[in-house]
Amino acid sequence: MGRKLEELIGNLSVWQTGDYGDVDTSSPRDLAIVELRTMGPQAVQALIERLDGLLAATAAHRKRVKAVQAAWTAWYEESDRLGDEHGLGADLERYRTIPSDSLPQRSAEDTNYRDPYELKQGIIEALHQLGDQRAAPVLTAALSDRTCIPAAAQALCHIHADHAVPALLNAVTLVDHNTNKGIVFDPLLASLRHYGVSMAQARERFEAETSPQGRVRLMHLMTQLPDDGADRPSESEIRDSLVFLALDDKDNTSRWEAVGILNRIDNNTAERDIFSEWEAPPPADVIRSAIALAAHGKPPGHERELASRLRRIRHTAPAAQAVEATLTQDSPEPDTQELRLALRLALGVHTSELDDPLRFARALHRLSSHSQVGGSALLALRRTCWDLLFPQMVQDDEARRREARTIFDAIATPHEHTRFAGYTSSQSFWTKLRQRFRRG
């Protein structure tokens, strides 16, 4: 590639103009495209090769980073499980199946990687304007890179690609149809319509999709396509996906959109001030549904992430209510898998968020005789007795004090008796100290 051609391709990354006050000022990208038009077929081939290389490099980087992240995610998940089993301060390394010193690290190449998305977009724009049919395959490939999707979709409306439809439908699963809708989603939708994508095609792609986010996005797409007689799936078919997204603690927009759709599916007309609850966890009924899903390995392939999300919010009031609802199921045969997960979550429930700590303790005590989860219930009761039982055992209400003491005596080991003695001593100390300050 000649130096001049290389320089022009490099300038395609600069879309800003030098003078923002002059609307007639051309950007380096615009000027480069003008010159590329004069260079003939070799320019198009050079642009195709450069874009193909950039796409491959980006894909390889993301694959390597994903592998490292997967290893660390598995390590953190095991850490959470072992921490629940052995308690705070335990030497977890002796129990690990994933030794800490075995964890992979990102290479310097990946740590310092900067996605050349502006250059990729500039090359796509140049290919679009040059209009050469040879660019169709690489433009189709660009639909797998989320930073390239809007530009590639627009280009494919003018440069026909025989196999664009599957790639366009795949691209739907990668873009947010809410954020920057006009810039990101609308160009993709226009291209789908240009290629005449039918409801049947979209539904077939929807049925094959396994990711919760992808299913929700494909469902949204189908609301934007004309009714051609093919059945549009009902929103109830993405209920599991919506529950998963409703527990996304890193994306408030997706979380509350999912909660809103779930309310519509369940005919829940309760009004919520979303803006005042923007950072809050989802409602207890949604968390209860999430416990049921994760316990049964749903959504497929995402159940471990859902369990992790549940663990991260288990200290909140809605989570406490959901855990208690699971533990106090009225069914003659409570679901063992759900109970097992709820008992893990119970280890992190904050008693200050419980409506009635004694009722929660009562549920754990009842389950301690369960044939399959009794050991987990007993562990949860013993692990939380400092906050759950001890305050009830020293309060003024005699009936509650007696019931709490009965539960304690039934499950306490010498260690718990020692802890209770320490608790009562500390309570006595603080009581005397408060009395002294009041007298002073």
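When atom types are taken as modelled, the side chain of Asp132 and the backbone of Ala135 share no donor-acceptor pair closer than 3.5 angstrom. In this structure a side-chain-to-backbone donor-acceptor pair under 3.5 Å is present from Gln133 to His160. Side chain of Arg311 to backbone of Leu345: no donor-acceptor contact under 3.5 angstrom is found. A donor-acceptor pair under 3.5 Å is absent between the side-chain atoms of Tyr95 and the main chain of His86, judged by distance alone. Although no hydrogens or angles enter the test, the distance criterion places no donor-acceptor pair under 3.5 Å between the side chain of Arg217 and the main chain of Val172. At distances below 3.5 Å, at least one donor-acceptor pair connects side-chain atoms of Arg215 with backbone N or O atoms of Glu237. With Glu303 contributing its side chain and Gly301 its backbone, the two residues share a donor-acceptor pair below 3.5 Å. Side-chain N or O atoms of Arg344 include none that pairs as donor or acceptor with a backbone N or O of Asp84 at under 3.5 Å. Between the Arg309 side chain and the Phe244 main chain, a donor and an acceptor come within less than 3.5 Å of each other. In terms of modelled atom types and a separation under 3.5 Å, the side chain of Ser369 and the main chain of Arg366 share a donor-acceptor contact.
A salt bridge links Arg312 with Glu305: the closest approach of a Lys/Arg side-chain nitrogen to an acidic carboxylate oxygen falls below 4.0 angstrom. Under the 4.0 Å criterion applied to side-chain N and carboxylate O atoms, Arg3 and Glu6 are not assigned as salt-bridge partners. Salt bridge present: Asp115 and Arg62 bring a charged side-chain N and a carboxylate O closer than 4.0 Å. Between Glu338 and Arg288, at least one side-chain N (NZ, or NE/NH1/NH2) sits under 4.0 Å from a carboxylate O, which counts as a salt bridge. The pair Glu207-Arg203 counts as a salt bridge, with a side-chain nitrogen and a carboxylate oxygen less than 4.0 angstrom apart. Salt-bridge check for Glu118 with Arg29: failed, with every basic side-chain N at 4.0 Å or more from each acidic carboxylate O. Under the 4.0 Å criterion applied to side-chain N and carboxylate O atoms, Asp227 and Arg232 are not assigned as salt-bridge partners.
Contacts classified as ring-ring contact (aromatic ring centres under 6.0 Å, His included) and involving residues 350-375 (residues at least two apart or in different chains) are given here: His315-His350.
The aromatic rings of Trp75 and Trp72 lie perpendicular to each other, with more than 60° between the two planes, well past the 30° mark. Classification of the Tyr113-His61 ring pair by plane angle, with boundaries at 30° and 60°, yields parallel.
Here Leu389 contributes atom CG and Leu358 contributes atom CG; the two are 7.5 Å apart, rounded to the nearest 0.5 Å. Between the CD1 atom of Ile149 and the CG atom of Leu174 there is a distance of 4.5 Å, given to the nearest 0.5 Å. One distance of note links CG of Leu192 with CG of Leu225; it measures 7.0 Å at 0.5 Å rounding. One distance of note links CG of Leu36 with CD1 of Ile123; it measures 10.0 Å at 0.5 Å rounding. For the atom pair OG1 (Thr58) and CG (Asp145), the distance works out to 5.5 Å, reported to the nearest 0.5 Å. For the atom pair CG (Asp285) and CG (Asn263), the distance works out to 7.0 Å, reported to the nearest 0.5 Å.
In summary, the side chains of Lys120 and Ser13 do not present any donor paired with an acceptor at a separation below 3.5 Å, with no hydrogens or angles considered. If you check the side chains of Gln395 and Gln392, you find a donor sitting under 3.5 Å from an acceptor. Donor-acceptor pairing under 3.5 Å is lacking for the side chains of Thr328 and Arg359. A donor-acceptor pair shorter than 3.5 Å can be found between the side chains of Ser211 and Glu209. If you check the side chains of Asp110 and Ser107, you find a donor sitting under 3.5 Å from an acceptor. A donor-acceptor pair shorter than 3.5 Å can be found between the side chains of Asn178 and Glu257. Counting only N and O atoms by type, the side chains of Gln213 and Thr173 include no donor and acceptor under 3.5 Å apart. Donor-acceptor pairing under 3.5 Å is lacking for the side chains of Glu125 and Gln121. A donor-acceptor contact closer than 3.5 angstrom links the side chains of Glu93 and Ser100.
What you find for Leu388 and Pro357 is that their closest heavy atoms are CD1-O, 3.4 Å. Of all non-hydrogen atoms in Ala377 and Ser368, the two that sit nearest each other are CB-N, 3.7 Å. Shown here for Pro150 and Ile183, the closest heavy-atom pair between the two residues is CB-O, 3.4 Å. Scanning both residues, Ala290 and Leu306, for their nearest heavy atoms gives O-CD2, 3.6 Å. When all heavy atoms of Leu242 and Ile261 are compared, the closest pair comes out as CD1-CG2, 3.5 Å.
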Derivation of the salt bridge (charged side-chain N to carboxylate O under 4.0 Å, His left out) call for Glu235 and Arg239: CA-CA 7 Å; Glu235 287 184 326; Arg239 195 182 200 298; over 6 Å; no
Trace of the side chain to side chain donor-acceptor pair (under 3.5 Å) decision for Thr97 with Glu78: CA-CA 8 Å; Thr97 62; Glu78 184 173 66; 2.4 Å; yes
Test log, rule side chain to side chain contact (heavy atoms under 4.5 Å, CB included), inputs Leu221 and Leu169: CA-CA 9 Å; Leu221 168 66; Leu169 288 171; 3.8 Å; yes
Step-by-step side chain to side chain contact (heavy atoms under 4.5 Å, CB included) determination, Arg106 to Gln69: CA-CA 9 Å; Arg106 287 192 189 185; Gln69 289 176 333; 3.5 Å; yes
Full working for side chain to side chain contact (heavy atoms under 4.5 Å, CB included) between Asn170 and Leu143: CA-CA 8 Å; Asn170 288 342; Leu143 291 171; over 6 Å; no
Audit row: Leu343, Val373, side chain to side chain contact (heavy atoms under 4.5 Å, CB included) steps and yes/no: CA-CA 8 Å; Leu343 288 168; Val373 300; 3.8 Å; yes
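Taking a 6.0 Å sphere around CD of Glu204, one finds it holds 12 or fewer heavy atoms contributed by other residues, nucleotides or ligands. Open room surrounds NE2 on His158; 12 or fewer heavy atoms of other groups in view lie less than 6.0 Å from it. The local environment of OH in Tyr117 is sparse, with at most 12 non-hydrogen atoms from other residues, nucleotides or ligands closer than 6.0 Å. No more than 12 heavy atoms of other residues, nucleotides or ligands sit less than 6.0 Å from atom CZ of Arg304.
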